[in-house]
Amino acid sequence: MAKSGFYGPLEQVNECLWRIPKSYKEGMRVDGLIFADEKLMELIRKDQAAEQVANVAFLPGIQRASLAMPDIHWGYGFCIGGVCATDPNEGGVISPGGVGYDINCGVRLVRSSLFYQDVKPHLKRLMDTLYTHVPAGLGQDGKYHFSHKELRQLMGQGASYLKKRGLVTANDLEHTEAGGYLNTAEPDSVSERALTRGSQQCGTLGSGNHFLEVQVVDAIFDAEAAETMGLEKDMVCVMIHSGSRGLGYQVCDDALRELRQAPAKYGIHLPDKQLVCAPVNSDEGRQYLGAMSAAANYAWCNRQLLMWQARESFELVFAKGWEALQMSLVYDVAHNIAKLEEHDVNGTQKKVWVHRKGATRAFPKGHPEIPSQYAAIGQPVIIPGDMGRASWVLVGAQGSMEQSFGTACHGAGRVMSRTAAVAHAAGRRIDQELLAKGIEARARSWRGLAEEQPDAYKDVDLVVDVVHRANLARKVARMRPIGVVKG
DNA sequence: ATGTAC
């Protein structure tokens, strides 16, 4: 639990990669590998994240290495920013801590036909309208209500469930990772309590680092990829970051309790109780996989409904339909999820369970699982930064398949704890500081804004630079915020 | 992240 620094071995492999050799601790089955440059590694050494990378290497069935992205920081059991793949045929396990409490937390990006000069005179009203129409904050209910029976159908079908209500289009589904649907979902494995928590929260933002931002394309780094995504300099976009709300939290909480005895039962030795896990091929493992997948499907519906409310807000302010405003979904990525994928492991094609906890899938061009529109450029990788500086759009690169099971980073990563950030904000008005930079912020709580202030995060440009140089993903466009809605 | 705890 201690958050003091990491003093174990870290061998620099190249300018963007560091190794914790498996000889570090008896029980490590593979090396730990962390993608970072020297500057970010200094920050990473300050907490126990690297120790957690080593601990994950103990998991049965782990393939190649226990991996971490440059935005890693300490988390429950697994660090946030961690990646691990397990082979069910080698006793591979599934672990709730490797997915995180917010199952299928993720990000989506919506483009528009509007440019900064079109929006600037209406920005205040746009942000007021978004703030009114997009529910945000801890425990907040939304306008969409689902009975338990409807929720089970929703979780069984994913985002396409919303089709019959006219709240999703075929194009939206096409531009959502996995089509917004995991076929491993078992809605009956989700507890009544989780259903109760989720029944009025689908289509709500939540709190913490979740947000809706109005952003402007600040700079383009890859003209071909940007054009394919329909992005141009100064274009106004909407970025949405949210997950599975109270429902996903409850699924994770239930699973941690249900799996408590599983490691002992299956003879799994763990260096940290928080790595609680079960073989994929066990009753306990299957139960969690079914519930986790169902919660993931709920999260895709949540982000879809959030986007829909954003489209409606733009319609009100600009007096045009969202289709006329060309508010199409560029892409939606999950960054807290475990998925069965095919990967090359030492020359053999294997189906492995890839855990991504605070890490984004980044499949390169030509991969069969990305939409045909992006076949020639690679999968869009959406990276939120902080509300005062930047966010990024990248595309998956070939090196991700060779090095990280098709994965890149997921954000900037904190440099300040929430408590430290609040102390640092004492006597300040973060909303006015943002306004001075041309950013209209709307937040439910002063404290929430204080916790999320730009200074509380690493510089996302530096994090993105590492995944670009490591050839995990390639820079396409830098986005700057002009409006923020927070819980 | 989360009705910061049943």
Side-chain angles (χ1 to χ4, degrees), chain A residues 1 3 47 49 52 71-82 95-108 135-142 145 148 151 190-212 240-258 260 274 276 288 291-292 295-296 298-300 302-303 306 333-338 355-360 384 386-387 410-414 416-422 443-452 456-457 485-487:
Chain A
M1 215 66 70
K3 295 184 85 176
D47 70 18
Q52 295 187 311
D71 52 332
I72 56 166
H73 50 104
W74 185 87
Y76 184 90
F78 295 60
C79 65
I80 292 148
S95 175
V99 171
Y101 267 91
D102 191 5
I103 295 163
N104 189 5
C105 185
V107 200
R108 66 171 54 192
L138 192 65
Q140 280 294 311
D141 290 348
H145 297 179
H148 287 199
L151 272 183
V190 175
S191 67
E192 288 293 316
R193 195 167 172 205
L195 295 174
T196 300
R197 292 184 71 171
S199 68
Q200 302 192 335
Q201 289 190 331
C202 207
T204 69
L205 209 45
S207 62
N209 62 4
H210 291 166
F211 65 76
L212 180 148
I240 293 167
H241 179 203
S242 189
S244 49
R245 310 288 286 102
L247 182 141
Y249 179 96
Q250 193 61 45
V251 166
C252 179
D253 207 44
D254 290 341
L256 290 171
R257 206 171 326 103
E258 285 155 8
R260 207 177 294 162
Q274 294 186 350
V276 61
Y288 171 67
M292 182 273 294
Y298 176 94
W300 273 310
N302 183 37
R303 288 197 290 279
L306 286 164
V333 292
H335 57 220
N336 277 15
I337 202 161
H355 297 63
R356 296 191 181 94
K357 180 190 193 176
T360 313
D386 66 74
M387 61 176 151
H410 91 304
R414 297 191 75 91
M416 235 180 254
S417 70
R418 292 188 176 277
T419 349
V422 170
R444 290 263 164 187
S445 75
W446 175 88
R447 194 188 170 87
L449 213 52
E451 289 176 352
E452 293 294 312
Y457 284 90
V485 177
K486 295 286 294 183

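Numbered from 1 within each chain, the chains take letters A, B, ... in sequence-line order. Keep in mind that what you see is a predicted model, and the values were worked out from it rather than measured.
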Whole-Å gap separating C1' (dT4(B)) and CD (Q250(A))
14 Å
What's the CG-C1' distance between N302(A) and dT2(B), to the nearest Å?
14 Å
Between CG of D253(A) and P of dT2(B) the distance, given in whole Å, is 13 Å
Between dA5(B) atom P and Y249(A) atom OH, what is the distance in whole Å?
7 Å
State, yes or no, whether a side-chain contact exists between H410(A) and I80(A) at a heavy-atom distance under 4.5 Å.
yes
Rounded to whole angstrom units, what separation is found between the CD1 atom of I80(A) and the P atom of dT2(B)?
13 Å
How would you label the contact of R193(A) with the nucleic acid (heavy atoms, under 4.0 Å): base, sugar-phosphate, or nothing?
base
Ion pair check, K486(A) and E451(A), cut-off under 4.0 Å
no
On DNA chain B, more 5' by nearest nucleotide between E452(A) and R257(A) is E452(A)
Rounded to the nearest angstrom, tell me the gap between atom CG in N104(A) and atom C1' in dT2(B).
16 Å
Identify, with sequence neighbours excluded, every residue that meets ring-ring contact (aromatic ring centres under 6.0 Å, His included) alongside H210(A).
H241(A)
With H355(A) via ring-ring contact (aromatic ring centres under 6.0 Å, His included) - residues at least two apart:
none
With a 4.0 Å cut-off on heavy atoms, is G243(A) in touch with a base, just the backbone sugar-phosphate, or nothing at all?
nothing
Interatomic distance where CD belongs to Q201(A) and P belongs to dT2(B) [whole Å]
8 Å
note: D254(A), atom CG; dT2(B), atom C1'; distance rounded to Å ~ 13 Å
